[in-house]
Asks: 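Have a look at the structure that comes next, please.
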There are 2 protein chains.
Amino acid sequence: MQRSILSSKKLPSKFKAVISYEGSDFSGFQVQPGKKTIQQEIERVLSQIFQQKVKIVSSGRTDAGVHACRHVISFSAITDLSPLKIKKAMNGLLNSNNISVKEVCYADYNFHPRFDAKKKVYRYLLTQFNSPFLVKRAWYVAEKLDIPGMRRAASFIVGTHDFSCFQASGRKVKDPIRTIEYIKIQKEYFCFDPEIKVIVIEICATGFLYKMARNIVGTLVDVGRRKIAPEYIEQIISSKDRRLACATAPAYGLYLKDVLYE
Amino acid sequence: MQRSILSSKKLPSKFKAVISYEGSDFSGFQVQPGKKTIQQEIERVLSQIFQQKVKIVSSGRTDAGVHACRHVISFSAITDLSPLKIKKAMNGLLNSNNISVKEVCYADYNFHPRFDAKKKVYRYLLTQFNSPFLVKRAWYVAEKLDIPGMRRAASFIVGTHDFSCFQASGRKVKDPIRTIEYIKIQKEYFCFDPEIKVIVIEICATGFLYKMARNIVGTLVDVGRRKIAPEYIEQIISSKDRRLACATAPAYGLYLKDVLYE
């Protein structure tokens with residue numbers, strides 16, 4: 001029931017929201033008929049709050065199983081509700097504890113979550129112990145990983161390159177050039193069980209081709225397993241050939257940490 | 001099929017094992033008819049490995065929903081399998097990813113996981129943000145907590161006291177005196193979402209009465225919410241009256257961190 005602007009004398013307001021979700025129970029972010037997705041659940045809640053059909057615009061899509069700390073979306077609605085009230089209503093109406101709204105604020109009318117994004121940060125969690133607290137949350141790799149080797153390999157990936165080698169096979173974009181600002185590989189504290197550490201690969205880039213983060217991780221892990229030498233990465237990148245890079249890392253270890261704007 | 005010791009010329013070997021589990025899917029540790037428990041799952045696996053009925057002895061019980069980083073058990077079996085092989089077989093045969101065997105080693109024939117335990121350490125996780133990564137893993141408390149006040153309250157609990165006030169109502173033990181060595185309350189790094197922190201209450205004691213850890217946490221949280229003053233704790237303890245202490249904290253925030261021996 002979109003009210004006519006003339007009759008209501010009100011223009012729709014534009015909002016930006018930051019969403020966190022545990023992706024295990026969802027078939028990814030984007031709406032798919034007959035499947036439970038994050039977008040669908042958020043649009044259902046917003047349509048209920050505003051009593052009008054609301055479509056969201058997203059900063060990107062995530063695959064089934066992928067998690068997010070700060071997934072940015074926008075939406076417009078004719079409403080008098082404050083951003084804080086909207087946030088509380090969303091959290092109250094969401095059916096699933098697996099989605100949480102962190103922030104809602106007003107956005108410029110021209111704001112576009114995807115086109116305006118300057119950088120994205122992904123984190124990938126690996127574990128060397130099959131902890132019950134990491135099921136569907138981290139990739140369990142049994143072989144001892146050579147972290148210094150992985151860091152050396154990462155140093156060849158950082159920078160501006162044609163990243164066709166890390167793009168999902170069959171996919172093509174006009175411009176496969178992206179800039180990776182940094183790749184950090186570190187052991188991190190694990191509050192659920194301080195006896196173990198998780199290995200985190202954090203990647204910050206101006207953009208990611210489809211499956212690029214998971215393909216980089218899969219290749220770095222093969223360096224860690226000493227299946228390929230760190231220096232071989234240069235050859236993989238210059239080949240622009242997906243077949244030279246290694247298998248894609250599983251979705252459930254990946255976390256969209258943040259989407260950064262100006 | 002217990003083989004006679006005379007005919008096999010072998011005595012049973014005694015093993016100590018350390019188990020980690022995510023308690024959400026279980027009706028607690030101890031075997032209960034018709035319910036899925038951790039003990040039942042471990043005994044099923046051990047009986048399968050040794051082709052004989054195996055009963056375990058546990059360092060203690062945990063309630064439904066409680067988690068463990070290092071729950072110590074022991075068992076005896078007539079076997080030639082090495083501890084490492086037993087550990088691998090257990091992890092291979094466990095039906096659930098929610099239980100993991102960390103260690104198996106030989107134990108002295110007289111070793112008893114409960115009677116020989118000198119100290120136990122519990123951790124309790126609290127969150128001030130309803131993160132999807134903390135569902136069934138931490139207690140979400142919306143009110144801002146006064147951490148210094150909670151630390152001051154904890155200082156009255158540490159030491160040797162009659163802890164009847166923190167014992168589950170209706171329960172009685174002959175000797176309700178225990179020694180709490182320390183209570184640490186700190187904000188910890190959260191690798192699933194570094195934007196947030198978890199508040200961890202870690203309690204080390206010579207022993208815990210039934211529900212004592214969760215009753216201490218419930219009372220400390222009420223201090224944090226400024227419902228009761230830190231100094232009131234002294235009165236609660238000296239009363240020896242469960243009704244003066246506060247509501248029991250939910251099971252799903254509690255983690256058995258370790259059981260310590262000589």
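Residue numbers begin at 1 in each chain, while the letters A, B, ... track the order of the sequences. Every value quoted in this text rests on a predicted model; they were computed, and no experiment measured them.
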Asks: Can you tell which part of A:Tyr189 gets under 4.5 Å to a heavy atom of chain B, answering side chain, backbone, both or neither?
Replies: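 Looking at A:Tyr189, backbone and side chain both touch chain B.
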Asks: Supply the atom-to-atom distance A:Ile196 CD1 to B:Cys69 SG, rounded to the nearest 0.5 angstrom.
Replies: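 If we round to the nearest 0.5 Å, A:Ile196:CD1 and B:Cys69:SG are 8.5 Å apart.
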Asks: Please indicate whether B:Arg44 has more than 12 foreign heavy atoms, meaning atoms of other residues, nucleotides or ligands, lying under 6.0 Å from its CZ.
Replies: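 More than 12 heavy atoms, drawn from other residues, nucleotides or ligands, come within 6.0 Å of this atom.
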Asks: Out of curiosity, B:Ser24 OG to A:Phe133 CZ, how far, rounded to the nearest 0.5 Å?
Replies: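 It is 8.5 Å, given to the nearest 0.5 Å.
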Asks: Check each atom of B:Val200 against the heavy atoms of chain A and say whether the ones under 4.5 Å are side chain, backbone, both or neither.
Replies: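 Contact with chain A involves no heavy atom of B:Val200 at all.
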Asks: Looking at every non-hydrogen atom in both residues, tell me the closest pair between B:Lys257 and A:Pro194 and how far apart they are.
Replies: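 Looking at all heavy atoms of both residues, the closest pair is CE-CG, 4.3 Å.
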Asks: Heavy atoms only: give me the nearest A:Arg123-B:Cys191 pair and the separation to one decimal.
Replies: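 Closest approach of A:Arg123 to B:Cys191, heavy atoms only: NH2-O, 2.9 Å.
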Asks: At what distance, to the nearest 0.5 angstrom, does CG of A:Leu134 lie from CG of B:Asn97?
Replies: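 A:Leu134 CG to B:Asn97 CG: 11.0 Å, rounded to 0.5 Å.
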Asks: Calculate, to the nearest 0.5 Å, the distance between atoms NZ and CG belonging to A:Lys102 and B:Asp193 respectively.
Replies: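 So the NZ of A:Lys102 and the CG of B:Asp193 are separated by 3.5 Å.
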Asks: Working to the nearest 0.5 Å, report the span between CZ of A:Arg137 and CZ of B:Arg137.
Replies: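 It comes to 5.0 Å.
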Asks: Over all heavy atoms of both residues, which pair between B:Val135 and A:Asn98 is shortest? Give the atoms and the distance, please.
Replies: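 It is CG2-OD1, 4.3 Å.
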Asks: Looking at every non-hydrogen atom in both residues, tell me the closest pair between A:Phe129 and B:Ser100 and how far apart they are.
Replies: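 Here A:Phe129 and B:Ser100 meet closest at CZ-OG, 3.6 Å.
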Asks: Quick check for you: to the nearest 0.5 Å, what is the distance between B:Leu125 atom CG and A:Phe192 atom CZ?
Replies: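 Separation between the atoms: 6.0 Å.
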Asks: By a 4.5 Å heavy-atom criterion (distance strictly below it), what part of A:Ala68 contacts chain B: side chain, backbone, both, or neither?
Replies: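 The backbone, not the side chain.
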